[in-house]
Amino acid sequence: MKRKVSDYLVNMIIENGIVTEKDREIYAYGISQGIVILQNIFITIFIGALLGNIYQTVVFLCSYIPLRSFAGGYHALSERKCFWNSIALIIIIQVYFTYYQLVNFKILLVTVFLSLIVIYRIAPMQSPNKVISEMESKFFKQKINKIMFMQVVLCLISIIYEIESVQSGIFINVIVVAFLLILGKILNIETVHIE
């Protein structure tokens with residue numbers, strides 16, 4: 001199904017002269033990856049809405065997608081593994097949202113703080129599917145630091161004004177990204193060193 005949709009869209013943009021035939025595979029891959037990303041976003045929002053965690057889920061996605069995009073870390077090597085890993089992660093996150101109020105807030109803050117340190121020290125991390133140059137690494141590092149700064153500010157505001165959906169969404173985002181970086185380190189994914 002996904003292949004048919006991406007082939008149809010690529011044929012359409014080639015027929016309209018937007019891209020040339022020689023770039024077919026590049027655009028087919030990009031469209032295919034876009035479909036996978038949209039599918040994961042839809043499933044995440046659907047499960048969040050089903051469990052009554054829609055606000056936290058949207059905050060999580062809005063904070064996770066940009067940070068994860070630049071930070072890198074563990075990536076499954078096959079689409080099937082990626083899909084099932086994503087489903088498992090979505091379920092764990094939804095359980096966290098459901099029981100967020102039962103978590104000791106001080107322990108959570110320490111975990112988030114340590115996670116921020118992990119992200120700061122390890123990211124960006126390339127993977128076999130996403131190799132980055134030293135120049136890209138420097139650019140990514142700047143973006144990561146800006147994103148983390150904005151998320152910390154949003155967390156502080158949400159703590160002051162007691163907006164739990166923002167707190168919980170950003171907290172789990174930072175923890176998940178740090179976990180994926182640590183997992184990447186354990187599995188020997190290379191970090192691009194910035195000098």
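For the numbers below, each heavy atom of this structure counts, side chains included, while hydrogens, waters and symmetry mates do not.
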Measure from the side-chain N and O atoms of [X] to the backbone N and O of [Y], and report whether any donor-acceptor pair falls under 3.5 Å.
X    : Y    : answer
K141 : A123 : yes
E136 : S133 : yes
Q56  : S165 : no

So do [Y] and [X] actually touch side chain to side chain, heavy atoms under 4.5 Å?
X    : Y    : result
F171 : L109 : yes
T20  : D23  : yes
L108 : N104 : no
R121 : L181 : no
V95  : L51  : no
T98  : N53  : yes
I132 : P124 : yes
T111 : S115 : yes

Assess the side chains of [X] and [Y]: does a donor N or O sit below 3.5 Å from an acceptor N or O?
X    : Y    : result
Y100 : Q167 : yes
Q94  : T57  : yes
N173 : R68  : no

Closest heavy-atom pair and its distance - [X], [Y]:
X    : Y    : answer
K81  : S78  : N-OG, 3.1 Å
I170 : C155 : CG2-SG, 3.3 Å
V174 : V112 : CG1-O, 3.9 Å

Got a second to check how far [X]'s [atom1] is from [Y]'s [atom2], nearest 0.5 Å?
X    : Y    : atom1 : atom2 : answer
I122 : L180 : CD1   : CG    : 11.0 Å
F70  : N145 : CZ    : CG    : 12.0 Å
I144 : S137 : CD1   : OG    : 7.5 Å
L38  : I43  : CG    : CD1   : 11.0 Å
I182 : I119 : CD1   : CD1   : 9.0 Å
I163 : L154 : CD1   : CG    : 9.0 Å

Begin from the C-alpha positions of F97 and I93 and carry the test side-chain contact (heavy atoms from CB on, under 4.5 Å) through to its verdict. CA-CA 6 Å; F97 289 149; I93 289 166; 3.3 Å; yes
Checking Y55 against F60 for the side-chain contact (heavy atoms from CB on, under 4.5 Å) test, could you report, in this order, the C-alpha distance in whole Å, the side-chain angles of both residues, the deciding distance, and whether it holds? CA-CA 9 Å; Y55 298 118; F60 167 76; over 6 Å; no
Under a 4.5 Å side-chain heavy-atom rule over Ile, Leu, Val, Met, Phe, Trp and Tyr, are [X] and [Y] clustered together?
X    : Y    : result
I31  : I18  : yes
I54  : L50  : no
F149 : V166 : yes
V153 : L156 : yes
I172 : F113 : no

Do V176 and Y96 pass the side-chain contact (heavy atoms from CB on, under 4.5 Å) test, and can you show the C-alpha distance, the side-chain angles, and the key distance before you say yes or no? CA-CA 12 Å; V176 167; Y96 161 81; over 6 Å; no
For [X], does the [atom1] atom have more than 12 heavy-atom neighbours from other residues, nucleotides or ligands under 6.0 Å away?
X    : atom1 : value
Y120 : OH    : no
F83  : CZ    : yes
Q101 : CD    : no

side-chain contact (heavy atoms from CB on, under 4.5 Å), that's the test. Do Y64 and T44 meet it? Break it down for me. CA-CA 12 Å; Y64 176 77; T44 304; over 6 Å; no
Looking at Y74, I'd like to know if the NZ or CZ of K185 sits under 6.0 Å from its six-membered ring centre while staying within 45 degrees of the ring's axis.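 No cation-pi geometry.
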